[in-house]
Amino acid sequence: MIVTQATCWGSEIWTMIDVTKPAPYWGFLGTKASINNDDLLEDFTGFYESFLTANDWGDALQQIALNNNRSKYIYLHCKGIFEHCIEKDLKGTTVDKYAKFKQLAGQTKLHFPQLNRAERRKKLKQNIATLNRDQSLVNMKRIFLMY
């Protein structure tokens, strides 16, 4: 599924994605800034006319990108979102183990209901101690992109 956002700042939809879950769509097309209704109507009419007559996604994207040289649109697929917005910020970084423990301590009961408090805290410390950020990113990406 590809989402088209014919709204001001529609490209900000990616900020609502939870990267720990499968991506809710394959990609999106939205505006990078404020835009008036007439421009939206004209631009998206050209986009859909191109897409529906030629049945070519690339041509349709080219049409909206070139329409009156407004350059107010962005197209991102979920792999690009993950790589550009998540992976580049986290790859090769280290984990502040104390801060991560404080962040996750309140969630352990949900994930380990069969353990008592001391056992849950011990399990969390073990998990944080063995955390491999790069491998975690690979696993997150696999889940997010469903492959």
Side-chain angles (χ1 to χ4, degrees), residues 1-37 39-41 43-48 50-52 55-67 70-147:
M1 175 172 65
I2 297 173
V3 177
T4 57
Q5 295 281 101
T7 63
C8 292
W9 303 100
S11 65
E12 294 297 312
I13 191 173
W14 76 268
T15 62
M16 296 183 278
I17 294 178
D18 181 352
V19 295
T20 64
K21 296 179 180 165
Y25 49 77
W26 187 80
F28 74 88
L29 172 67
T31 61
K32 298 185 279 186
S34 182
I35 190 166
N36 69 48
N37 293 340
D39 289 346
L40 279 172
L41 181 61
D43 295 348
F44 273 92
T45 298
F47 168 78
Y48 281 113
S50 177
F51 181 65
L52 295 174
N55 199 22
D56 186 326
W57 181 250
D59 284 348
L61 288 176
Q62 189 72 11
Q63 176 66 31
I64 202 165
L66 295 177
N67 201 1
R70 275 191 268 284
S71 300
K72 288 191 173 189
Y73 300 93
I74 187 169
Y75 166 70
L76 272 177
H77 51 81
C78 285
K79 183 178 180 194
I81 292 170
F82 193 90
E83 290 171 351
H84 178 72
C85 304
I86 309 301
E87 214 169 36
K88 78 173 181 83
D89 291 337
L90 297 177
K91 196 166 189 101
T93 61
T94 58
V95 177
D96 178 347
K97 294 179 181 183
Y98 178 75
K100 185 58 69 180
F101 181 85
K102 300 243 337 147
Q103 176 192 0
L104 299 174
Q107 300 173 24
T108 58
K109 192 170 189 176
L110 176 68
H111 297 288
F112 306 110
Q114 72 281 8
L115 302 178
N116 66 36
R117 184 174 187 265
E119 291 169 329
R120 289 192 309 265
R121 292 172 73 83
K122 181 178 178 183
K123 179 80 170 160
L124 178 58
K125 285 179 184 177
Q126 289 171 342
N127 288 346
I128 291 171
T130 60
L131 176 68
N132 178 327
R133 172 64 60 87
D134 291 336
Q135 185 59 47
S136 295
L137 282 171
V138 168
N139 292 340
M140 280 176 61
K141 189 174 187 177
R142 183 182 44 76
I143 291 167
F144 183 66
L145 299 176
M146 297 179 271
Y147 62 71

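Here the CD-CG distance, from Glu83 to Leu76, works out to 11.0 Å after rounding to the nearest 0.5 Å. Rounded to the nearest 0.5 angstrom, Asn36 CG and Lys72 NZ are separated by 7.0 Å. For the atom pair OH of Tyr73 and CG of Asp39, the computed distance is 6.5 Å after rounding to the nearest 0.5 Å. Note that NZ of Lys141 is 7.0 Å distant from CZ of Phe82, once rounded to the nearest 0.5 Å. Atom CG of Leu61 and atom OG of Ser50 lie 9.0 Å apart (nearest 0.5 Å). From Asp43, atom CG reaches atom OG1 of Thr31 across 10.0 Å, with rounding to the nearest 0.5 Å.
For the 3.5 Å distance criterion, the side chains of Lys123 and Gln126 fail to qualify, holding no donor opposite an acceptor. Asn139 and Gln135 share a donor-acceptor pair across their side chains, judged by distance under 3.5 Å alone.
For Tyr98, the OH atom counts as loosely surrounded, since its 6.0 Å shell holds 12 or fewer non-hydrogen atoms of other residues, nucleotides or ligands. Heavy atoms of other residues, nucleotides or ligands lying less than 6.0 angstrom from NZ of Lys79 number 12 at most. Under a cut-off of 6.0 angstrom, the local environment of CG in Asn37 is sparse, with at most 12 non-hydrogen atoms contributed by other residues, nucleotides or ligands.
Note on ring orientation: taking the six-membered ring where Trp is involved, the planes of Tyr75 and Trp26 are tilted (angle from 30° to 60°). Note on ring orientation: taking the six-membered ring where Trp is involved, the planes of Phe51 and Phe47 are parallel (angle under 30°, cut-offs 30° and 60°).
Using modelled atom types, one side-chain atom of Glu119 and one backbone atom of Asn116 make a donor-acceptor pair closer than 3.5 Å.
Between Phe101 and Lys125, the shortest heavy-atom contact is CE1-CG, 3.7 Å. The shortest heavy-atom contact between Gln103 and Lys100 is OE1-NZ, 3.1 Å. Contact record, Ala105 with Arg121: CB-NH1, 4.4 Å, taken as the closest heavy-atom pair.
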From CA spacing to verdict: side-chain contact (heavy atoms from CB on, under 4.5 Å), Ile128, Leu124: CA-CA 6 Å; Ile128 291 171; Leu124 178 58; 3.8 Å; yes

